[in-house]
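Here is the structure we will look at, set down as structure tokens.
Positions are given from 1 along the sequence. All values reported here derive from a predicted model rather than from experimental measurement.
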Amino acid sequence: MIQQLTDRQINNFRNAVYRYYTTHPRPLPWRLTNDPYKIFISEMMLQQTQAERVVSKYELFVSRFPDFETLATASFADILALWQGLGYNRRAIYLHHSAMTIVREYGGKLPPDPVVLQSLPGIGHATAREISAFAFGLPVVFIETNMRRVFIQCFFHNRENVTDREILVLVDETLDREDPRSWYYALMDFGVMLKGKGSNANIRSAHYQKQSRFEGSNRQLRGNILREMTGTSGRNAGEIAQLLNAPETAVAKNLEQLCKEGFLKYEKGKFRVR
């Protein structure tokens with residue numbers, strides 16, 4: 001366990017991170033707004049997805065669905081159609097259900113409390129606190145992949161199996177409580193810079209897992225099925241299997257699962273987006 005940082009170590013660390021950030025901030029559109037709804041959308045999209053891929057989808061999404069009320073009353077088919085290309089399609093369902101909950105229980109206004117946010121579908125510990133920090137400026141403590149890289153490289157030299165619990169102690173110690181939003185953005189950008197220089201410090205994390213292969217995976221098949229279903233009046237398993245050149249048994253199994261998860265419905269011999 002690393003010893004408690006001195007005031008000098010904290011100041012030197014903050015100065016180095018802020019020095020980089022003031023000259024190399026990433027021009028991401030959700031950083032230009034204080035609208036909790038738009039920040040909420042961006043954080044949901046950014047889960048397991050690189051920021052560069054999110055930018056164009058984010059701008060289209062908040063233009064088409066500008067607030068929680070519009071999103072809550074939209075058809076899921078329309079939401080999923082716009083979501084295509086981002087992957088991890090469960091997030092589209094979570095987003096729709098969260099919007100309905102926020103309208104129904106909170107009058108269409110996003111609650112700032114991270115504990116309340118974490119009760120919404122698809123929002124975990126870190127995402128809830130990111131939303132609280134970025135949308136409301138709350139000095140909450142969390143960790144994400146770019147931040148993890150920064151702390152491991154800067155404070156855990158030659159250490160293996162570094163736990164997030166150890167890192168979170170340092171996140172708390174170094175947090176700029178007067179401006180947590182800017183500080184966390186600065187940390188993330190510093191981490192992106194380190195990655196660009198070839199730093200792979202995250203492999204020394206106790207929680208590191210190599211991403212499984214996407215090409216040829218069942219996850220890819222699921223995504224392809226939903227892509228083929230979007231914008232249609234419905235298809236059966238055989239039609240989809242032929243379009244995708246995939247085994248009908250595998251397609252049928254996925255269609256059944258997608259119905260159970262709420263993506264699709266089955267009516268009159270056809271599967272369609274619900």
Side-chain angles (χ1 to χ4, degrees), residues 17-18 20-72 74 79-80 82-99 102-103 106 108-114 116-118 120-150 171 175-176 179-193 195-196:
V17 172
Y18 271 137
Y20 176 80
Y21 179 64
T22 54
T23 54
H24 302 90
R26 287 184 293 169
L28 302 173
W30 48 87
R31 294 185 178 183
L32 305 177
T33 181
N34 291 313
D35 183 346
Y37 169 76
K38 292 180 178 179
I39 292 169
F40 179 85
I41 297 299
S42 71
E43 289 302 319
M44 292 296 283
M45 289 184 167
L46 286 163
Q47 292 178 13
Q48 300 177 290
T49 306
Q50 293 181 339
E52 293 73 17
R53 286 184 56 204
V54 170
V55 172
S56 61
K57 286 291 183 179
Y58 163 83
E59 293 180 324
L60 286 171
F61 202 93
V62 296
S63 176
R64 173 65 179 81
F65 309 111
D67 50 46
F68 284 113
E69 289 84 355
T70 306
L71 183 58
I79 295 170
L80 185 62
L82 198 52
W83 189 271
Q84 289 302 298
L86 278 176
Y88 297 99
N89 292 297
R90 283 189 182 90
R91 292 177 297 169
I93 284 186
Y94 296 150
L95 200 54
H96 198 203
H97 288 176
S98 291
I102 290 166
V103 169
Y106 303 101
K109 295 187 180 298
L110 187 68
D113 186 346
V116 176
L117 290 170
Q118 197 171 338
L120 296 172
I123 298 183
H125 182 278
T127 301
R129 282 147 187 82
E130 288 179 58
I131 294 167
S132 291
F134 298 140
F136 302 103
L138 299 184
V140 290
V141 175
F142 64 87
I143 187 171
E144 57 82 62
T145 187
N146 290 308
M147 290 169 53
R148 185 179 290 110
R149 183 179 302 111
V150 174
V171 175
L175 176 59
D176 181 354
D179 190 2
R181 173 176 160 136
S182 294
W183 172 242
Y184 281 130
Y185 282 153
L187 273 174
M188 291 175 181
D189 286 6
F190 198 77
V192 171
M193 177 272 292
K195 183 179 181 182

Is it the case that the side chain of [X] and the backbone of [Y] share a donor-acceptor pair, with hydrogens and angles ignored and the cut-off at 3.5 Å?
X: Arg129; Y: His125; answer: yes
X: Lys57; Y: Gln84; answer: yes
X: Ser132; Y: Asp113; answer: no
X: Thr127; Y: Ile123; answer: no
X: Arg91; Y: Met45; answer: yes
X: Thr49; Y: Gln47; answer: yes
X: Ser42; Y: Ile39; answer: yes

For the pair Val171 and Leu187, evaluate side chain to side chain contact (heavy atoms under 4.5 Å, CB included) and give the outcome as yes or no after the intermediate values.
CA-CA 10 Å; Val171 175; Leu187 273 174; 5.6 Å; no

Carefully, step by step, assess Lys195 and Arg149 under the rule side chain to side chain contact (heavy atoms under 4.5 Å, CB included).
CA-CA 8 Å; Lys195 183 179 181 182; Arg149 183 179 302 111; 3.5 Å; yes

On a heavy-atom basis, which atom in [X] and which in [Y] lie closest, and how many Å separate them?
X: Asn89; Y: Trp83; answer: OD1-CD1, 3.4 Å
X: Leu46; Y: Val54; answer: CD2-CG2, 3.9 Å
X: Pro180; Y: Gly137; answer: CG-O, 3.3 Å

Within the 6.0 Å centroid threshold, strictly below: Phe40 and Phe68:
yes

Is Phe190 close to Asn146 at the side-chain level, that is, under 4.5 Å between some pair of heavy atoms?
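A side-chain contact is absent here, since even the closest heavy-atom pair is not under 4.5 Å.
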
Partner of Trp30 by ring pair (Phe, Tyr, Trp, His ring centres under 6.0 Å), out of Phe134, Tyr37, Tyr58:
Tyr58

What class does the angle between the rings of Tyr21 and Tyr18 fall in, given that below 30° is parallel, 30 to 60° is tilted and above 60° is perpendicular?
tilted

